[in-house]
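Following: one structure in structure tokens, then a few remarks.
For the numbers below, each heavy atom of this structure counts, side chains included, while hydrogens, waters and symmetry mates do not. Atoms within a ligand are numbered from 1 in the order they appear, just like the ligands themselves.
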Amino acid sequence: MNQTAFENISTLITVSSEEGRKSGKEMNEIGCISDAAILFDEKIRWIGSTEELRDKIKSGELAPEKVISQKGKTIMPGFVDSHTHIVFAGSRANEYARRLQGVSYQQIAAEGGGILSTMRAVRSASIEELAEIGLKYARSAMRYGTTTIEIKSGYGLSFESEMNQLRAIQLMKKEIPMTIVSTFLGAHDIPPEYKENREEYIDILCNEMIPYVAENNLADFCDIFTDTGYYTVEETEKILNTAKEVGMKVKIHADELTPVAAAECAARLNAVSADHLLCISEEGMKQMAEKAVIGTLLPGTAYNLRLPYAPARTMIENNMAIALATDCNPGSCLSENMQMMISLACTNMRMTVEEAISASTINGAAALALEQKGQIAVDKDADMIILSTDEYANIAYHFGINHAENVWIKGQKV
Ligand code: NIG
Ligand code: FE
């Protein structure tokens, strides 16, 4: 592949780290370089100053096919959105309207709405229809700078329908240049057929679905919704241990609505990440930090459900590595815009802009166990966002608009 160089980059944010993640105070170090230059093909090959680039071109040491000036711009790693549910069907705008009238998310779920409402729509959609909807959100996310996205099943809640969702995710991979990571979330809710007999559904998850998903390489991760009214910590251990036995990595939707010590459970299971964490305990923070479990925060969900935000500051003080993601889903947060999540994280969770940038890039990659992503460093994938400003604080400060002028994935402008 031919090489391209960018020169006169007003602000280059590398977010690089050999460890592949940033914890606690390190999250403020985003490796900012002024008047920088880079050379890349599908991977980043060289990083230096504009002057050095010109010298090396003159001496023949570097030979880019094209040199593009990025004066007035910020270049940063593409966003890694490590938690989404964009393969779904139907609309829940009516539920949003009811929540505005004061009905709670849990009340709507108890009436058979919520996740089960999306389940009914997903069960009657084809694989192609599901992929089409997922692609619509993924393409939009890409325009806002997302270059890697995780997508979960969890709205089928039957063998056939869960596999349809996972196959829709596989179809999407062929259609877009983004890197897509697939997660099996069959334990998102108890399907209505098994309401009175949840053990039987858990047996199907453990004995049929998880082995099939692993054998057919349909997902990289197994996830579960551990909360009051959903799955217990005990059930979580059983289901995720089964997934680990067949070689899957695990994550948990943890302590979102009520404190159930799901963060501690994630630490015990060596989960790659525990997500949401609005009700995390300080003990949970300590254990997650010690076991290097990424804490994935989803401020769009707290915003949309009007819940108190996750205690990001205390988590960072406890030396946790925090990731930010959208949680894009039809029920609790319908947004695919990572720039918006950065703004919410800064304004409402009191994260610094630098912390929010680390959380949206390198720590998102760590939450997906992807070493190649989330940093601009030699030999990493050339996934980059060109922001139309040389002051990166604008991502949070000048909110609600799109700062991504263009987006590059594996060295190609998309
Ligand atoms: O991550 N917390 C659980 N699941 C989703 C919401 C699912 C829905 O309401 O459709 C979430 O917020
Ligand atoms: Fe979620």
Requested in this report: Under 2.8 Å from the Fe ion (ligand 2), which protein N, O or S atoms are there? Could you list them by chain and number?
Outcome: His83 NE2, His85 NE2, His253 NE2, Asp327 OD1

Tabulated below should be the N or O atoms of ligand 1 paired with protein N or O atoms at under 3.5 Å; can you produce that?
unit_1	atom_1	unit_2	atom_2	d
ligand 1	1 (O)	His85	NE2	3.2
ligand 1	1 (O)	His253	NE2	3.1
ligand 1	1 (O)	His276	NE2	2.9
ligand 1	1 (O)	Asp327	OD1	2.8
ligand 1	1 (O)	Asp327	OD2	3.1
ligand 1	2 (N)	Glu256	OE1	2.5
ligand 1	4 (N)	His188	NE2	2.8
ligand 1	9 (O)	Arg92	NH2	2.8
ligand 1	9 (O)	Tyr105	OH	2.4
ligand 1	10 (O)	Arg92	NH1	2.7
ligand 1	10 (O)	Arg92	NH2	3.4
ligand 1	10 (O)	Tyr155	OH	2.6
ligand 1	12 (O)	Asp327	OD2	2.8
ligand 1	12 (O)	Ser332	OG	2.7

Requested in this report: Report the C-alpha distance between Lys43 and Asp379 in whole Å, list the side-chain angles of each, state the deciding distance to 0.1 Å, and finish with yes or no for salt bridge (Lys or Arg N to Asp or Glu O under 4.0 Å).
Outcome: CA-CA 5 Å; Lys43 294 190 185 293; Asp379 291 335; over 6 Å; no

Requested in this report: Could you list the residues that satisfy ring-ring contact (aromatic ring centres under 6.0 Å, His included) with Trp408, not counting sequence neighbours?
Outcome: Phe6, Phe40

Requested in this report: Take Lys73 and Thr389, measure what side chain to side chain contact (heavy atoms under 4.5 Å, CB included) needs, and give me the verdict at the end.
Outcome: CA-CA 5 Å; Lys73 316 290 179 199; Thr389 170; over 6 Å; no

Report summary line: side chain to side chain contact (heavy atoms under 4.5 Å, CB included) filter on Glu235, not counting sequence neighbours, yields Arg198, Ile202, Tyr231, Thr232

Report task. State plainly whether the residues Arg268 and Glu234 are in salt-bridge range, i.e. N to O under 4.0 Å. Result -> no

Query raised in the report: Should Arg313 and Glu355 count as an ion pair when the cut-off is N to O under 4.0 Å?
Result: yes

Query raised in the report: Please walk me through it: do Phe88 and Tyr137 pass ring-ring contact (aromatic ring centres under 6.0 Å, His included)?
Result: CA-CA 10 Å; Phe88 67 89; Tyr137 287 96; 5.4 Å; yes

Query raised in the report: For residues Ser140 and Glu336, is any side-chain donor paired with an opposing acceptor at under 3.5 Å?
Result: yes

Query raised in the report: Do Lys373 and Asp381 sit within salt-bridge range, that is, some charged N less than 4.0 Å from a carboxylate O?
Result: yes

